[in-house]
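What you see below is based on every heavy atom in this structure, not just the backbone, and it leaves out hydrogens, waters and symmetry mates. Throughout, numbering of the chain's residues begins at 1 and tracks the sequence.
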Amino acid sequence: MTSSSTRVPARDDPTRKRLAAATAAAVIVGAGLALRAVATGEVAKYGGDALYTLLLFALVLVAAPRTAPAKAAAVALAVSWGVEFLQLTDGPAHLARQSTAARLVLGSTFNAPDLFWYAVGAVTGWSVVRRV
């Protein structure tokens, strides 16, 4: 017999959080593909940067659904910035020439404004999830 006082509230249920984050990740990928299909130039590039970090934010919550939104945003931002700074080396550019997947994940060329747009993606994820 389970009493209602021992049940996990729906908003705190890790399975539901994981499902919501996985759904959000799929929507974010779709949004990124749609953005590339309809936009060009800086809108596509910087919008894609923000969506990249937002996707990482969602994936953190898929992997660890009990993670606090601020921590998930910090992890996503740290990974995004880490990948961007890695582009100061020859590694990502070399891998990008070898693999489309590597080019999509690692990029190839450092671009300082990307750092700001990654932060926009992290703050967006944090602000949406903390309100839910």
Side-chain angles (χ1 to χ4, degrees):
M1 183 166 130
T2 303
S3 71
S4 61
S5 64
T6 61
R7 289 186 187 169
V8 176
R11 68 174 279 162
D12 295 329
D13 178 12
T15 302
R16 289 182 73 151
K17 283 184 170 183
R18 182 172 280 130
L19 179 60
T23 301
V27 169
I28 293 163
V29 168
L33 294 172
L35 180 64
R36 286 288 186 175
V38 301
T40 59
E42 291 184 353
V43 171
K45 182 186 180 349
Y46 295 128
D49 289 345
L51 289 170
Y52 176 87
T53 303
L54 190 58
L55 176 61
L56 290 175
F57 175 83
L59 293 176
V60 167
L61 294 177
V62 168
R66 291 189 172 138
T67 303
K71 185 174 183 180
V75 168
L77 184 58
V79 170
S80 297
W81 281 358
V83 168
E84 190 67 28
F85 284 113
L86 187 63
Q87 293 170 2
L88 291 169
T89 70
D90 292 332
H94 173 73
L95 293 171
R97 288 189 296 273
Q98 308 299 318
S99 162
T100 301
R103 188 181 76 242
L104 292 172
V105 173
L106 298 176
S108 62
T109 308
F110 178 82
N111 184 32
D114 291 351
L115 301 171
F116 169 77
W117 292 102
Y118 295 143
V120 169
V123 168
T124 300
W126 168 78
S127 66
V128 168
V129 170
R130 74 178 182 91
R131 291 184 187 148
V132 177

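- Using a 4.5 Å cut-off between side-chain heavy atoms of Ile, Leu, Val, Met, Phe, Trp and Tyr, with links allowed through other members, Phe85 and Val79 fall into the same hydrophobic cluster.
- Environment of CD in Glu42: sparse, with no more than 12 heavy atoms of neighbouring residues, nucleotides or ligands closer than 6.0 Å.
- Thr53 contributes no side-chain N or O that, together with a main-chain N or O of Ala50, makes up a donor-acceptor pair within less than 3.5 Å.
- The two atoms that bring Ala63 and Arg18 nearest to each other are O-NH2, 3.6 Å, heavy atoms only.
- The two atoms that bring Ala21 and Leu61 nearest to each other are CB-CB, 3.7 Å, heavy atoms only.
- Salt-bridge formation is detected for the pair Lys45/Asp49: a Lys NZ or Arg NE/NH1/NH2 atom is positioned less than 4.0 Å from an Asp or Glu carboxylate oxygen.
- Asp114 is listed as a side-chain neighbour of Tyr46, based on a closest heavy-atom distance under 4.5 Å.
- Side-chain N or O atoms of Gln87 include one that pairs as donor or acceptor with a backbone N or O of Leu106 at under 3.5 Å.
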**Asked** Does the pair Leu19 and Thr15 meet the rule for a side-chain contact (heavy atoms from CB on, under 4.5 Å), with working shown?
**Response** CA-CA 6 Å; Leu19 179 60; Thr15 302; 5.7 Å; no
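- With hydrogens and angles ignored, the 3.5 Å screen pairs a side-chain donor or acceptor of Glu84 with a backbone N or O of Asn111.
- In this structure, the side chain of Ser99 does not engage the main chain of Ala96 through any donor-acceptor pair within 3.5 Å.
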Self-check item: Steps toward side-chain contact (heavy atoms from CB on, under 4.5 Å) verdict (Leu86, Phe110)
Solution: CA-CA 8 Å; Leu86 187 63; Phe110 178 82; over 6 Å; no
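- Side-chain N or O atoms of Trp81 include one that pairs as donor or acceptor with a backbone N or O of Leu115 at under 3.5 Å.
- In this structure, Leu77 and Ala122 approach most closely via the heavy-atom pair CB-CB, 4.0 Å.
- Put simply, the side chain of Val129 reaches to within 4.5 Å of the side chain of Phe57, judged on heavy atoms.
- Note: the hydrophobic cluster containing Leu33 does not contain Val38 (ILVMFWY, side chain heavy atoms under 4.5 Å, direct or indirect links).
- In this structure the side chain of Thr40 never reaches within 4.5 angstrom of the side chain of Val43, judged on heavy atoms.
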